Amino acid sequence: MDFLDQLNSVQREAVTCTEGASLIVAGAGSGKTRVLTYRIAYLLQQGVPAGSILALTFTNKAAREMKERIMKLVPANDARYLWMGTFHHVCARILRRDAERLGFTKDFSIYDTTDMKSLLKAICKERGLDEKIYKPAAVLSRISMAKNNLIGPAKYAQDADIMRADREARMYEIPVVYEIYQTRLKAANAMDFDDLLINTLLLMERCPDVREQLQTMFRYILVDEYQDTNYVQYLLVSKLAEPQNNICVVGDDAQSIYSFRGADIRNILNFQRQYPNARLFKLERNYRSTQTIVNAANSLIHKNVHQIEKTVYSEKEEGAPLRLQAYMDDRAEADGVASLIQAAHRKVGYDDIAVLYRTNAQSRAFENELRKRNIPYRIYGGTSFYQRKEIKDALGYFRLAVNPKDNEALLRIVGFPGRGIGETTMKKVSISSAENHLPLLDIMRTPDAVTLDVAAGTKTKLKTFAALMDSLRDLSDEMDAFAFAEHVLRVTGVQTALALDRTPEGIDRAQNVQELLNAIREFVAQRQEEGIDYTPITDFLSEVSLQTDQDENLDDTTERVTLMTVHAAKGLEFPYVFIVGMEENLFPSQFCSQPWEIEEERRLLYVAITRAMEQCYLSFARQRFRNGQMAFNSPSRFLQDIDRRYFELSKTRPVETERPRFTGFFGNPVSRDSGTPVSRASETPKSKISNQQSPMVSVWKPSDRVSHRVFGEGTVVRVYRDEVTENDKIEINFDRQGTKTLLLTHAKLERI
C-alpha cells in the first residue's frame with residue numbers, strides 16, 4: 001500500500017506540495033512528525049537525491065527517530081545521505097569542511113557547557129571579579145543571549161538595554177569578559193555551541209562561493225518546531241533557502257514556550273510575510289485527545305492576541321469534562337492528587353498518569369505523598385527533589401553542622417559558596433586526614449598542629465570555615481529544625497549566593513532551596529500537632545535519608561507515575577494528566593508581567609492540557625508556603641479563559657477546602673446576600689483576579705492579644721473576608737515572627 005494512503009487529505013496535500021515555501025501549522029496531536037517524515041520520504045520517492053535534502057530538528061533523538069521511520073518507507077540506501085540533524089550538528093559538519101576560511105583548523109574543539117563555564121570562571125578570577133556576582137552560569141547566560149541576537153563583543157557595550165540590565169545585575173565587566181572569552185576561544189582553536197551557528201553565518205557572508213555551494217546543494221530545506229527558532233537560526237535558514245526558497249517549516253505557534261532560551265515566536269507568525277507566495281497548511285485534526293479536552297484547550301488559547309488562527313478538532317469520543325479542584329493548601333493538594341491517582345490506577349497503569357507543574361520546586365510535596373502511599377514515580381527531565389545538587393548542598397551543611405566527622409558532607413559543601421579553598425588545598429587536607437586518622441574538619445581547625453603544607457592565608461581560611469561550622473554545631477541543640485536550617489543557610493552565604501544568580505536555572509535553584517525550608521517548616525508543624533514540642537534538625541535528616549533510600553531503590557522496570565514541569569512535557573502524551581498549582585504568581589509565573597509574557601504562559605497551559613488523552617485534572621491551593629511563610633493565593637486568571645461548560649467542579653474535599661462556588665473565575669460573581677449577579681461593566685482583567693477584602697464580624701478584634709502554637713504571641717491587626725477566595729482571614733503581628741495572615745477557621749488561637 002502506498003504510504004500516502006495513511007494520511008488524511010490535508011496531511012497528504014502538505015506532503016505532496018513540495019515546491020516553493022510552505023508553512024505547516026500543526027496543532028497539538030495532529031500528526032506533525034508523520035507529515036514531516038512522509039514529506040521527506042515522498043521527495044526521495046520522487047527521485048530527489050538524499051544529499052539535496054536538509055532537515056533541521058531541535059534534538060538528536062528527533063532526528064534519529066525520523067530517519068528510522070523514513071528508512072521504513074523507502075529503501076535504506078535512498079535515505080542514507082540525508083542531511084538531517086540539529087542546527088548545531090549540521091553547522092558543525094559545514095564548518096569542518098571550511099573552518100580554515102575563518103582562521104580555525106578542521107580539528108577545532110567544540111566547548112560544551114562545562115568547558116564554557118570553566119573558561120569564564122577562570123577569566124573572572126583573573127580579573128578579580130566577585131564570584132558571588134559573576135557566576136559562570138550567569139555570565140554565560142548573558143553572553144549566549146547576546147550571541148543569539150548577533151551582538152558581538154564590540155557591539156555589546158553600545159547596546160543601552162543590555163548595559164542597563166548588566167548594571168541592574170551589578171555585572172559591569174561583562175563586555176570585557178565577553179571579549180576575553182572570545183579571544184581565548186579563538187586561541188584554543190575552539191567554538192562554543194552558539195559559535196557553531198554564528199560562524200556558519202559568517203562563513204556564508206565572507207565566502208560567497210561557499211554560500212552558493214550550500215544553496216545549490218540544499219534544494220529542499222525542512223525545519224521542525226519552527227516556533228522554537230531564535231534569530232540566528234532564522235537567518236541561517238533564510239540564507240540557505242535562497243534563491244529558490246524551497247523551504248518547508250513545521251510548527252505550532254500555540255506551543256511556542258521557550259522564549260527564555262531565545263526562541264522568537266515572530267519567526268513563525270511572520271513566515272507568510274517573509275514569503276508572500278507561501279502555501280499554508282493547517283493540520284487541525286487532533287488524534288490524541290477527546291473532544292472535550294481539545295475544545296477546552298481551544299477556548300483557552302483563543303484568548304491570545306498574537307496567533308495564527310486555527311481551530312483544532314477531535315473526532316474521538318466526547319469524553320469526560322475537565323475536573324477542577326480547590327484545596328486548602330499545597331499539602332492538601334498533594335494528598336488529594338495522590339488519592340485521585342490511586343483511584344485512576346484502577347483503570348489505567350501508572351505509566352499512563354502524569355503530574356505537571358510550573359516549577360521544579362513543586363515536585364517535593366507530590367514526591368512525599370506518593371512515597372507515603374507506595375506509589376512508584378519518576379522525575380522526567382529532572383532530578384528527584386532531594387537529589388538535586390542545591391538540595392544536597394543544603395543538606396550537606398546541616399549534616400556537617402551536627403556531625404563534624406561527616407567528611408563526605410564537608411567535601412561536598414566546602415566549595416559552595418566559594419571561600420578561596422580550592423581542590424589543591426582540600427587534597428592536602430585529605431592526605432593529612434588520612435595520615436593522622438582525623439576528620440577533615442579537625443585538620444582544618446588546627447592546621448599548624450599537623451604541619452599542613454599550605455600558605456598562611458589559606459590556613460586562615462580553613463580555620464574560619466571550621467570556626468563557622470563549630471558555631472553552628474553549638475546552635476543545633478538550641479533551635480528547632482526550621483529555625484536552625486534557616487540560620488545555617490543565611491550565615492553560610494548559601495541563600496545570598498543563590499539569590500544573586502538571576503538566570504532561569506539560578507532562580508529555579510533558589511526556589512528549590514526555599515521549598516526545602518518549606519518542607520522543614522511543615523515537618524516541624526506536623527510534629528507539633530502530634531504533641532512534640534521540639535524537633536531537632538537530626539530528625540528531619542533521618543526522615544529525608546529514608547525517603548531518598550526508598551527512591552533510589554525503586555526498580556527501574558517498575559511502571560511509574562511521571563512528575564515533570566510543563567516545559568519538559570512538550571511532545572509527550574498521557575491518558576491521565578494532573579495540572580497542579582493553578583494559582584496567580586505561580587501559573588502564570590510571578591516573573592511574567594508583560595502582555596507577551598502572559599501570552600506565552602497561556603501557551604504553556606495549552607501545552608499542558610493537550611498532553612491529556614482521556615482525562616485532565618486541574619487544581620490550585622488557597623494557601624501555599626512561599627518564601628518562608630504561608631501565602632494566600634488567588635486562582636490563576638487562566639481558569640477564567642477556559643469555557644466553563646468543559647469543567648466539572650469536583651466535590652470530594654471538605655467544605656472549607658472545596659467551596660462549590662467558583663465564580664471568582666467562572667461567569668458573573670454572585671453576591672453572598674442577594675444571590676444576584678454583580679456588574680462587571682467597570683472590571684478590568686486585573687481586577688478579576690485581585691484579592692478583594694471586606695471587614696467582618698468576629699470574636700476577635702484589632703488589638704486583641706493572642707497566642708499561636710507555631711508563631712507564638714502577637715497582636716490582632718484586623719479580621720476580614722477575602723471576597724475572591726471566600727475565606728475568613730485574620731492578620732496578626734507576632735512578636736517574633738512578624739505579621740502573618742492566617743485562615744481564621746484553622747488559626748487555633750488562644751486569647752492572652
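Predicted model, so just to flag it, every value in this text is computed and none were measured.
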Answer yes or no: does atom NZ of Lys132 have more than 12 heavy-atom neighbours from other residues, nucleotides or ligands under 6.0 Å?
-> no

Any donor-acceptor pair under 3.5 Å from Glu600 side chain to Ser259 backbone = yes

Between atom CD of Gln495 and atom CG of Leu500, what is the distance when rounded to the nearest 0.5 Å?
-> 12.0 Å

Under 3.5 Å, is there a donor-acceptor pair between the side chain of Lys135 and the main chain of Asp501?
-> no

In sequence, state the C-alpha distance, the side-chain angles, and the governing distance for Ile301 and Arg603, and then conclude on side chain to side chain contact (heavy atoms under 4.5 Å, CB included).
-> CA-CA 7 Å; Ile301 202 62; Arg603 293 195 295 269; 3.8 Å; yes

Residue Arg751 excluded, over 12 heavy atoms near CZ under 6.0 Å | yes

Do Glu515 and Asn512 meet the criterion of a side-chain donor-acceptor pair at a distance under 3.5 Å?
-> no

Nearest heavy-atom approach of Pro588 to Arg637 is CG-NE, 3.8 Å

Side-chain heavy atoms of Val355 within contact of Leu370, under 4.5 Å = no

Student check: side-chain heavy atoms of Glu601 and Leu605 closer than 4.5 Å | no

What's the spacing between Ile579 CD1 and Leu322 CG if we round to 0.5 Å?
-> 7.5 Å

Any Asp130 side-chain heavy atom under 4.5 Å of Arg170 side chain | no

Nearest-0.5 Å distance, CZ of residue Arg705 to CG of residue Leu749 | 12.0 Å

For residues Ala338 and Ile375, report the shortest heavy-atom separation together with the two atoms involved.
-> O-CD1, 4.0 Å

Hey, mind stepping through Ile379 and Arg388 against side chain to side chain contact (heavy atoms under 4.5 Å, CB included) and telling me if it holds?
-> CA-CA 11 Å; Ile379 303 290; Arg388 291 168 186 158; 4.3 Å; yes

Is there a donor-acceptor contact under 3.5 Å from the side chain of Gln307 to the main chain of Ala254?
-> no

Test side chain to side chain contact (heavy atoms under 4.5 Å, CB included) applied to Met469 and Tyr397, step by step | CA-CA 8 Å; Met469 299 312 301; Tyr397 272 105; 4.2 Å; yes

Answer yes or no on whether Arg521 is positioned over the face of Phe482, meaning its NZ or CZ is under 6.0 Å from the six-membered ring centre and within 45° of the axis.
-> yes

Would you check if the side chain of Ser589 reaches a backbone N or O of Leu586 as a donor-acceptor pair within less than 3.5 Å?
-> no

Look up atom OH in Tyr377 and atom CD1 in Ile353, then write down how far apart they are to the nearest 0.5 Å.
-> 15.5 Å

Any Asp335 side-chain heavy atom under 4.5 Å of Arg373 side chain | yes

Distance-minimising heavy-atom pair for Ile537 and Ile520 = CD1-CD1, 4.4 Å

Are Arg364 and Glu367 within salt-bridge range, i.e. N to O under 4.0 Å?
-> no

Should Asp329 and Arg331 be marked as a salt bridge (Lys or Arg N to Asp or Glu O under 4.0 Å) after you check the CA-CA gap, both sets of side-chain angles, and the distance that decides it?
-> CA-CA 5 Å; Asp329 55 31; Arg331 284 171 54 191; 5.6 Å; no

Any Leu340 side-chain heavy atom under 4.5 Å of Phe578 side chain = yes

Using a distance-only test with no angle check, is there a side-chain donor-acceptor pair under 3.5 angstrom linking Ser339 and Gln342?
-> no

Measure the shortest side-chain to side-chain distance between Leu498 and Phe416 over non-hydrogen atoms and say whether it is less than 4.5 angstrom.
-> yes

Heavy-atom donor-acceptor pair, Asp330 side chain to Arg624 backbone, under 3.5 Å = no

Which pair of heavy atoms, one from Leu618 and one from Phe647, lies closest together, and at what distance?
-> CD1-CE2, 3.8 Å

For residues Ala569 and Leu356, report the shortest heavy-atom separation together with the two atoms involved.
-> CB-CD2, 3.9 Å

For the residue pair His708 and Phe734, categorise the inter-ring angle as parallel (less than 30°), tilted (30 to 60°) or perpendicular (more than 60°).
-> perpendicular

Side chain Glu599, main chain Val305, donor-acceptor under 3.5 Å | yes

Gap separating the NE2 atom of His302 from the CG atom of Asn298, nearest 0.5 angstrom = 5.0 Å

Looking only at atom types and distance, does a side-chain atom of Tyr327 sit under 3.5 Å from a main-chain N or O of Gln623, one as donor and one as acceptor?
-> no

Of the non-hydrogen atoms in Ile265 and Ser256, which two are nearest, and what is the gap between them?
-> CB-OG, 3.7 Å

Under the 3.5 angstrom rule, does the side chain of Arg602 hit a backbone N or O of Asp641 as a donor-acceptor pair?
-> no

Glu333 side chain vs Gly581 backbone, donor-acceptor pair below 3.5 Å | yes

Is NZ or CZ of Lys570 both nearer than 6.0 Å to the six-membered ring centre of Tyr258 and within 45° of the ring axis?
-> no

So do Arg358 and His567 actually touch side chain to side chain, heavy atoms under 4.5 Å?
-> yes

Mind checking whether Phe638 and Phe587 have parallel, tilted or perpendicular rings, split at 30° and 60°?
-> perpendicular

Could you grab the distance from atom CG of Asn518 to atom CZ of Phe523, nearest 0.5 Å is fine?
-> 15.0 Å

Applying side chain to side chain contact (heavy atoms under 4.5 Å, CB included), run through Thr492 and Leu472 and close with a yes or a no.
-> CA-CA 10 Å; Thr492 56; Leu472 293 175; 4.0 Å; yes

Which is it for Asp480 and Arg527 under the salt bridge (Lys or Arg N to Asp or Glu O under 4.0 Å) test, yes or no, and what are the steps along the way?
-> CA-CA 11 Å; Asp480 70 29; Arg527 299 279 289 243; over 6 Å; no

Does any non-hydrogen side-chain atom of Tyr172 lie less than 4.5 Å from one of Arg167?
-> yes

Within the distance-only criterion (no hydrogens, no angle test), does the side chain of Glu505 pair as donor or acceptor with the backbone N or O of Ala137 below 3.5 angstrom?
-> no

